[in-house]
Colleague: 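If you scroll down you'll find the structure; I have some questions about it.
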Amino acid sequence: QVQLVESGGGLVQPGGSLRLSCTASGSIFSINVMGWYRQAPGKQRELVATITVGGTTNYADSAKGRFTISRDNAKNTVYLQMNTLKPEDTAVYYCNARIKPLLRPSGDYWGQGTQVTVSS
């Protein structure tokens, strides 16, 4: 079975930094776009950043200039480097990927989420 597992969340002070990681595992043929989403209490899940196989990135306005998404295709891993964190960045962060399993059609997969709390 295909799985996405996030790590790296935690408590950080405003202005601090944090790096999230997400690794895909299982019977995978290929991975297309990967991305990060977040969901704060009482709000809808929103896009943070995406990255293609070739490295083309896309960011939400709130993330531009502060966050950097990257990936290591050999390790099936996507990262989110978060700098200059603000309290409004507090949310559960979810990894997402478009994956084609070996013997099944492509589909969207989600990680279990990792909590990021920005507070003094």
Colleague: Measuring only between side-chain heavy atoms, which start at C-beta, is Leu20 closer than 4.5 Å to Val78?
Modeller: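 SC-SC contact between Leu20 and Val78 ruled out.
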Colleague: State whether Asp61 and Lys64 are salt-bridged, where the test is any N-O pair (Lys NZ or Arg NE/NH1/NH2 against Asp/Glu carboxylate O) under 4.0 Å.
Modeller: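 Yes.
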Colleague: Pro101 and Tyr109: which non-hydrogen atoms are nearest, and at how many Å?
Modeller: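 Taking every non-hydrogen atom into account, CG-OH, 3.3 Å.
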Colleague: Test of understanding: clusters of I, L, V, M, F, W, Y form through side-chain heavy atoms closer than 4.5 Å, transitively. Do Leu47 and Val116 belong to the same one?
Modeller: no
Colleague: Hydrophobic clusters here meaning ILVMFWY residues chained together by side-chain heavy-atom distances under 4.5 Å, can you tell me if Val118 and Met82 are in one?
Modeller: yes
Colleague: Can you check whether Leu80 reaches Val48 side chain to side chain, under 4.5 Å on heavy atoms?
Modeller: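 In short, these two side chains touch, coming nearer than 4.5 Å.
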Colleague: Identify, with sequence neighbours excluded, every residue that meets salt bridge (charged side-chain N to carboxylate O under 4.0 Å, His left out) alongside Lys43.
Modeller: none
Colleague: Considering only heavy atoms from C-beta outward, does the side chain of Thr56 approach that of Ile51 to under 4.5 Å?
Modeller: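 A side-chain contact under 4.5 Å is absent here.
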Colleague: Would you indicate whether the side-chain heavy atoms of Arg45 and Tyr94 approach each other to under 4.5 Å?
Modeller: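 Yes, close enough: below the 4.5 Å cut-off.
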Colleague: List the atom of Leu4, the atom of Gln112, and the distance in Å for their closest heavy-atom pair.
Modeller: O-OE1, 3.6 Å
Colleague: Would you name the heavy atoms of Ser17 and Gln81 that are closest together and state the gap between them?
Modeller: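 Residues Ser17 and Gln81, closest heavy atoms: CB-NE2, 4.0 Å.
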Colleague: I'd like to know if the side chain of Thr90 reaches the main chain of Glu88, judged simply by a donor and an acceptor atom lying under 3.5 Å from each other, with no hydrogens or angles considered.
Modeller: no
Colleague: Measuring only between side-chain heavy atoms, which start at C-beta, is Ser119 closer than 4.5 Å to Pro87?
Modeller: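 Side chain of Ser119 against side chain of Pro87, heavy atoms only: no contact under 4.5 Å found.
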Colleague: Does any non-hydrogen side-chain atom of Glu6 lie less than 4.5 Å from one of Tyr93?
Modeller: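 SC-SC contact between Tyr93 and Glu6 ruled out.
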Colleague: Mind listing the closest non-hydrogen atom pair of Ala91 and Arg38 along with its distance?
Modeller: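 Nearest heavy atoms, Ala91 then Arg38: CB-CB, 3.9 Å.
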Colleague: Is it true that Trp36 and Phe67 have ring centroids separated by less than 6.0 Å?
Modeller: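 No, too far apart.
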Colleague: Would a distance-only check, ignoring hydrogens and angles, find a side-chain to backbone donor-acceptor pair under 3.5 Å from Arg71 to Thr52?
Modeller: yes
Colleague: For the CG atom on Leu102, are there more than 12 heavy atoms of other groups (residues, nucleotides or ligands in this structure) within a distance under 6.0 Å?
Modeller: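 Buried by this count: over 12 neighbours within 6.0 Å.
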Colleague: Which distance, rounded to the nearest 0.5 Å, do you find between the CD1 of Ile99 and the CG of Asn32?
Modeller: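 Going from CD1 on Ile99 over to CG on Asn32, the span is 10.0 Å.
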Colleague: Looking at Tyr59 and Ala49, what are the two nearest heavy atoms and their distance?
Modeller: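 Shortest heavy-atom separation between Tyr59 and Ala49 comes out as CD2-CB, 3.6 Å.
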Colleague: So, do Asn83 and Thr68 sit near enough that their side-chain heavy atoms are less than 4.5 Å apart?
Modeller: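 Counting from C-beta outward, Asn83 and Thr68 never come under 4.5 Å.
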Colleague: For the atom pair CD1 (Ile28) and CD (Gln1), what is the distance rounded to the nearest 0.5 Å?
Modeller: 12.0 Å
Colleague: Got a donor-acceptor contact below 3.5 angstrom from the Arg66 side chain to the Ser62 backbone?
Modeller: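 Yes.
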Colleague: Please check if the number of heavy atoms outside Glu46 that lie under 6.0 Å from its CD is greater than 12.
Modeller: yes
Colleague: Do Thr23 and Thr77 pass the side chain to side chain donor-acceptor pair (under 3.5 Å) test, and can you show the C-alpha distance, the side-chain angles, and the key distance before you say yes or no?
Modeller: CA-CA 4 Å; Thr23 299; Thr77 299; 2.9 Å; yes
Colleague: Quick one: does Val53's side chain get under 4.5 Å of Met34's, heavy atoms only?
Modeller: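 Contact flag for Val53/Met34 side chains = no.
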